[in-house]
Amino acid sequence: MRKFDTKVQHIKYKVLREVARLAWEDKLLENLMDIPQKLVPGNEPTMRCCVYKERAILGERVKIAMGGDKNNPNVIEVINIACDECPVGGYEVTNACRGCLAHRCEDACKFGAISFDHNHVAHIDKSKCKECGACAKVCPYTAIISRKRPCQNACKVKAITMNEEQCAFINNDKCIQCGACVYQCPFGAITDKSYILNAIDILKNSKTENYKTFAIVAPSIASQFSYAKLEQVITGLQKLGFSAVVEAALGADIVALSEAKELSEKGLLTSSCCPAFVKHVKTAFPALEKHVSHNLSPMATLAKHIKENNQGAKVVFIGPCTAKKAEAQLDSVKPFVDVVLTFEELQALFDSRDIDLSTLEETTLNDASYFGRIFARTGGLSQATKQALKEQNIDFEIKPIVCDGIEACRLALLKLSKGVLEGNFIEGMACVGGCIGGAGCLTHGEKNKAGVDKYGAQAKNNTIQDAISNLDNM
């Protein structure tokens with residue numbers, strides 16, 4: 001039964017599962033050094049040059065599963081010892097070079113980085129090359145290519161460079177913590193910190209300290225755990241010890257109504273639901289921060305309502321997003337959200353308790369509307385805001401700019417900064433596809449969009465305002 005897209009995810013999951021299993025049994029501290037040996041027994045390496053390196057890397061993964069480097073504020077970390085298999089990268093001359101007479105590459109290079117051997121084949125001096133790409137553009141044989149590392153290709157905000165040891169280095173001032181590099185790194189050398197131990201503590205202590213525990217699940221959960229029904233996943237959460245399971249989509253319903261009013265009052269707005277998008281606005285386009293919606297995200301909005309109506313309650317958000325882990329640490333959100341887990345971590349939690357979802361009875365969620373549920377995919381937020389304007393009889397024509405991925409977001413923000421944006425509402429989604437493309441998903445693909453749309457269509461509440469009435473029950 002395949003639960004993940006890649007083997008890298010599976011390795012990460014196995015570490016999380018073992019850490020969680022020991023934590024449930026209160027045996028983690030005395031046994032954590034044994035986890036690498038348990039996962040890589042014997043003397044034969046399975047992935048690296050030797051078992052000792054494999055175990056050393058697993059030891060670093062254990063640290064990150066326990067919260068990672070406390071001195072690094074970023075929720076994304078690099079495991080340096082695991083980051084050594086990628087080529088240095090940059091522009092290279094391939095064997096397609098014919099040693100032509102024109103030497104256009106040499107003429108185009110302003111830094112003297114191009115030279116030729118006795119066969120007239122071009123070579124690039126890395127110490128002089130500025131990675132401008134001028135030589136590649138003029139080569140008639142396209143013999144000069146740029147070899148970027150997967151993490152650099154994945155990072156569209158250019159937050160990743162290489163340090164002196166040629167390991168990936170993340171610029172925290174540029175990083176939006178979207179996790180694109182986490183999912184794309186073929187060796188799992190870049191990963192997100194886990195707060196799975198905090199979640200376990202909350203669940204364990206709830207029995208002795210007598211408080212309610214709420215699991216807020218992102219609507220993209222409908223596209224995950226394909227080996228079981230969504231209703232069985234909800235039951236599984238209850239078996240983990242959660243007092244109640246609620247839809248983040250209900251928070252999206254609240255946000256849609258409020259955001260529609262704000263848009264009509266201001267005339268121009270960018271969404272605030274995606275924390276990675278909001279971080280990009282603040283870091284790359286600080287002058288545009290005034291246009292970001294003042295609404296909290298659906299996660300924080302719903303968590304705030306829960307905390308205000310349930311004294312002493314604890315809230316765990318479960319979704320596809322690594323950036324949500326950073327959002328939960330913001331002063332404006334920290335009082336309401338105690339822990340953020342990804343779907344990868346939830347799978348590890350289930351298996352650490354030997355919960356077989358496929359055998360469980362079904363528990364249905366009927367909290368949110370169709371419009372709240374489709375927030376999970378690109379375009380859903382704009383549809384919901386349009387519906388919210390209609391339901392509130394607000395005479396305002398929304399002209400959405402739907403941004404699918406951070407590159408599209410950047411283009412829209414650039415147009416807004418230049419005063420040439422043709423719309424009045426920017427729906428910013430840092431991940432391609434929206435939340436269903438988040439780095440913390442078990443699987444990624446077109447079927448995930450279909451899963452969310454199907455889930456939305458099953459909503460019992462026909463309108464956003466119908467869904468909001470469910471808040472009285474929390």
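Remember, it's a predicted structure, so these values are computed and weren't measured experimentally.
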* With a 4.0 Å cut-off, would you call Lys63 and Glu60 a salt bridge? -> yes

* Crowding at CZ, Phe187 (>12 non-hydrogen neighbours, <6.0 Å) -> yes

* Asked: Is any side-chain heavy atom of Trp24 less than 4.5 Å from a side-chain heavy atom of Leu240?
  -> yes

* Ile57 and side-chain contact (heavy atoms from CB on, under 4.5 Å): which partner among Arg55, Arg61, Glu54? -> Arg61

* To do: Check for a donor-acceptor pair, side chain of Ser264 on one end and backbone N or O of Leu389 on the other, with a separation under 3.5 Å.
  => no

* **Ile190 side chain near Ile170 side chain, heavy-atom distance below 4.5 Å** => yes

* Approximate separation, where rounding is to 0.5 Å, of Ile76 CD1 and Cys181 SG -> 5.5 Å

* Rounded to the nearest 0.5 Å, what's the gap from OG on Ser382 to CD1 on Ile401? Could you check? => 9.0 Å

* Asked: So do the side chains of Asn461 and Ile468 get within less than 4.5 Å of each other, counting heavy atoms only?
  -> no

* To do: Might you work through the side-chain hydrogen bond (donor to acceptor under 3.5 Å, both in side chains) test for Ser272 and Asn295, ending with a clear yes or no?
  => CA-CA 7 Å; Ser272 59; Asn295 285 285; 5.5 Å; no

* Kindly say whether Asn205 contributes a backbone atom to a donor-acceptor pair with the side chain of Glu209 at under 3.5 angstrom? => no

* Salt bridge or not for Glu265 and Lys261, using N-O below 4.0 Å? -> no

* What's the verdict on side chain to side chain contact (heavy atoms under 4.5 Å, CB included) for Lys204 and Asp26, showing C-alpha distance, side-chain angles and the deciding distance? -> CA-CA 10 Å; Lys204 288 169 65 175; Asp26 293 320; 2.4 Å; yes

* **Intermediate values then yes/no, side chain to side chain contact (heavy atoms under 4.5 Å, CB included), Leu230 and Phe225** => CA-CA 8 Å; Leu230 174 60; Phe225 305 96; over 6 Å; no

* side chain to side chain donor-acceptor pair (under 3.5 Å) partners of residues 274-291, not counting sequence neighbours, each pair once -> none

* How far apart are the C-alpha atoms of Cys151 and Met162, what are their side-chain angles, what is the distance that settles it, and do they pass the side chain to side chain contact (heavy atoms under 4.5 Å, CB included) test? -> CA-CA 10 Å; Cys151 56; Met162 300 299 131; 4.1 Å; yes

* Just how far is it from atom CG of Leu288 to atom CD1 of Ile426, taken to the nearest 0.5 Å? -> 7.5 Å

* Asked: What pairs with Asn171 under side-chain contact (heavy atoms from CB on, under 4.5 Å), at least two apart in sequence or on another chain?
  -> Asp173, Lys174

* Side-chain contact, heavy-atom cut-off 4.5 Å: Gln224 with Thr443? -> yes

* Hey, what do you get for CG (Leu357) to CD (Glu231), rounding to the nearest 0.5 Å? -> 12.0 Å

* What pairs with Tyr183 under ring-ring contact (aromatic ring centres under 6.0 Å, His included), at least two apart in sequence or on another chain? -> His444

* Do the side chains of Lys307 and Asp338 get nearer than 4.5 Å, heavy atoms only? -> yes

* Does Arg21 use its side chain to pair, donor to acceptor, with the backbone of Asp351 at less than 3.5 Å? -> yes

* Is the backbone of Ser226 close enough, under 3.5 Å, to the side chain of Lys229 for a donor and an acceptor to pair up by distance? -> no

* For Cys431, all residues meeting side-chain contact (heavy atoms from CB on, under 4.5 Å), sequence neighbours excluded -> none

* Rounded distance (nearest 0.5 Å) linking atom CZ of Phe277 with atom CZ of Arg410 -> 12.0 Å

* **Check: Ile221 and Phe343 side chains under 4.5 Å, non-hydrogen atoms** => yes

* Structure fact -> Residues passing the side-chain hydrogen bond (donor to acceptor under 3.5 Å, both in side chains) test with Thr301, sequence neighbours excluded, are none

* To do: Can you tell me which residue pairs pass the salt bridge (charged side-chain N to carboxylate O under 4.0 Å, His left out) test with a partner in residues 319-328, sequence neighbours excluded?
  => Asp192-Lys325, Lys324-Glu327, Lys325-Glu345

* Verify, without hydrogens or angle tests, whether Thr322 (side chain) and Gln177 (backbone) share a donor-acceptor contact under 3.5 angstrom. => yes

* Between the side chains of Asn72 and Glu77, is a donor N or O closer than 3.5 angstrom to an acceptor N or O? -> no

* With the side chain counted from C-beta on, respond yes when Val217 and Leu346 share a heavy-atom pair under 4.5 Å apart, and no when they do not. => no

* Asked: If you measure from the Lys or Arg side-chain nitrogens to the Asp or Glu carboxylate oxygens, is any gap between Asp201 and Lys314 under 4.0 Å?
  -> no

